[in-house]
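Since the structure comes first, as C-alpha cells, the remarks are kept for the end.
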There are 2 protein chains.
Amino acid sequence: MEGYRILEIKQSVFENNDREADKLRAELKQNKTFLLNLMSSPGSGKTTTLRRTIEALKDEVRIGIMEADIDSDVDAATIEKTGVKVIQLHTGGMCHLDAGMTKQGLEGMGVEDVDLAILENIGNLVCPAEFDTGAVKNAMILSVPEGHDKPLKYPLMFSICDVLLINKIDVLPYFDFDIEKCKEYVHRLNPNMKIIPISSRTGEGIGEWADWLREQTRAWIEG
Amino acid sequence: MEGYRILEIKQSVFENNDREADKLRAELKQNKTFLLNLMSSPGSGKTTTLRRTIEALKDEVRIGIMEADIDSDVDAATIEKTGVKVIQLHTGGMCHLDAGMTKQGLEGMGVEDVDLAILENIGNLVCPAEFDTGAVKNAMILSVPEGHDKPLKYPLMFSICDVLLINKIDVLPYFDFDIEKCKEYVHRLNPNMKIIPISSRTGEGIGEWADWLREQTRAWIEG
C-alpha cells in the first residue's frame, strides 16, 4: 500500500486570489512554515531536483512535499522513497494552482510538523505564473535542452520568480545553450533573480541551492 | 524591416468552440487548405522541426506558418529565413488558441495561396489540448530530455493528437529515455497514434514525418 494520500483538489470559490494568497502567507508565518512554489515546463527535472533537495536538507528541516499533477501519482511515489511527508494533489485537468487550491493541499498534508513545504506545481510555464499560490518564494527550473531563449517567450514566469535553477548542466556540451545569454535575458526582465546552475543528475550546484533554501526557510521561521 | 506581420489576437467571443472549429474546418476544406496544429512543451523543438519540415516540403506544397506566442517574435524571425509565408500571432498572455483565435490568424496570414498551413501553438502540454483549433490534424512533439513518463502526466494531450514526434533522439545516449516504454504509455491512451522518432538537429526521421504530412495534405486537398 502507498504511504501517501491522493487528494482531489476542488476549484477555488474565492473571487480575490491575491487576498487569499496574502491570508495564506499570514497563516504560514504564524505556523512557522515556509512554502516554496516550484514551477517549470514538463520534463525540466522538478521531481529529481526535489529528491536532491530533500537529501541535502532533510536532517536539518522538517520537509513536506505537495506533488500537484493533473492525473497521475508517479511523482508522489518517487518522493515517498525519500522518507519525507508527501501528498499527491490532483487538479482535475486544471493547469495551475491558486491560493485556495494550495490551501486545500496544505490542509490535506498537515503543516504542524513541517518547516519547509514545497509545492511542485503543474508543468507549465504559462498559467501557474498568473496565480499567487500563497508561497513565500517562487522558484523555477529551466533545463538546458529547452534553450536559452525561453525568458523571451515566457516573460511573466521569469518576472515573478525569486530564483531560477538552470538544470541539466551536465548535458551542456550536447546543446546550444548559452548560459550568459540566458542570464542576460532573465536579468533584463527581473534584475533581482538569483540564478543557480545545477545538475540534478550529478548533484552539481545543489549545495548552493540548498544553502539558499535553508537560509530563506530560517529567515521566515525565525524572523 | 521584417518580412512578417505581428497580429495581436483577440479573445474569442464564441460560446461553442467545437461548432466554430467544425465551421473553420469546412472553410479550409472548401479553400483546399490543410491545417496542422503543432503542440508541445516549451523547448521541445517545434520551431527547429518546422524549419526541417519546410525544407523537406516547400518545393511540393505551398506552406504558410502561424507562430503563436505570448509575447515575442523570435520564432517568426527564424521561420522567415526559410522563405515561406509566416505570421506571428500574439495571444496577449493567453495559454492556448481556440478556433476563433486560429481563424483570426488564418485571415491575417491569408490562405488563398496556401496548401499546408501550420499553427505552432503556445508551448504548453495542458491548455492547448482542451481547445479544438479547427485543425485537420493535431501533432505533438515530446523531446527525449523531457522523459518517457509524460503520457502518464499529460494524458489529454496524448489522447487528442494524431501523430507524436519523439524529438532529439540524437541525445538518447545522455538521457534515461525508454522509447518502447513511451510508445506503450502512448498507445494505451491512444492506440491510433502514429509515432515517429526524429532529430530536428540531424534530420533523422524527418523524411518519414514529411511523407506523413504530404500524404495527409494531399488527401485533404484532393479528397
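Naming convention: chains lettered A, B, ... in sequence-line order (proteins, then strands); numbering from 1 in each chain. The structure presented is a predicted model; accordingly, all values stated were derived computationally and were not measured.
No more than 12 heavy-atom neighbours from other residues, nucleotides or ligands sit within 6.0 angstrom of CD on A:Gln11. For A:Glu204, the CD atom sits in a loose shell: 12 or fewer heavy atoms of surrounding residues, nucleotides or ligands are nearer than 6.0 Å. Heavy atoms from other residues, nucleotides or ligands lying under 6.0 Å from NZ of B:Lys181 number 12 at most. Other residues, nucleotides and ligands contribute at most 12 non-hydrogen atoms within 6.0 Å of the CZ atom of B:Arg19. In the displayed structure, B:Glu55 atom CD is contacted under 6.0 Å by more than 12 heavy atoms of other residues, nucleotides or ligands. By the neighbour-count criterion of 12 heavy atoms within 6.0 Å, atom NZ of A:Lys58 is densely surrounded, having more than that number from other residues, nucleotides or ligands.
Interface remark: of the candidates A:Gly45, A:Ser143, A:Gly43, A:Gly43 forms the most heavy-atom pairs closer than 4.5 Å to chain B. Per-residue heavy-atom pair counts under 4.5 Å with chain B were compared for A:Gly93, A:Gly123, A:Ser44, and the maximum is reached by A:Gly123. The choice from B:Asp71, B:Asp149, B:Val144 that makes the most heavy-atom pairs within less than 4.5 Å of chain A is B:Asp71. Interface check for chain A: of the options B:Asp176, B:Val171, B:Leu142, the most heavy-atom pairs under 4.5 Å are formed by B:Val171.
Using cut-offs of 30° and 60° on the angle between ring planes, the pair B:Tyr174 and A:Tyr174 is parallel.
Between the B:Lys168 side chain and the A:Pro145 main chain, a donor and an acceptor come within less than 3.5 Å of each other.
For B:Lys150, the part sitting under 4.5 Å from any heavy atom of chain A is the side chain, from C-beta outward, and nothing else. For a residue to count as touching a neighbouring chain, one of its non-hydrogen atoms must lie under 4.5 Å from one of that chain's; by this rule B:Tyr154 touches chain A with the side chain only. Heavy-atom distances place no part of B:Leu156 under 4.5 Å from chain A, backbone and side chain included. Looking at A:Pro155, the atoms closer than 4.5 Å to chain B (heavy atoms on both sides) all sit in the side chain, from C-beta outward.
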key: Intermediate values then yes/no, side-chain contact (heavy atoms from CB on, under 4.5 Å), A:Asn124 and B:Cys127   = CA-CA 9 Å; A:Asn124 182 335; B:Cys127 318; 4.1 Å; yes

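Nearest heavy-atom pair, B:Cys95 versus A:Val126, reported as atom, atom and distance to 0.1 Å: CB-CG1, 3.6 Å.
Just one of A:Ile122, A:Ile70, A:Asp75 meets the side-chain contact (heavy atoms from CB on, under 4.5 Å) condition when paired with B:Lys153; it is A:Asp75.
Separation of atoms OG (B:Ser41) and CD (A:Glu146) is listed at 7.5 Å; rounding is to 0.5 Å.
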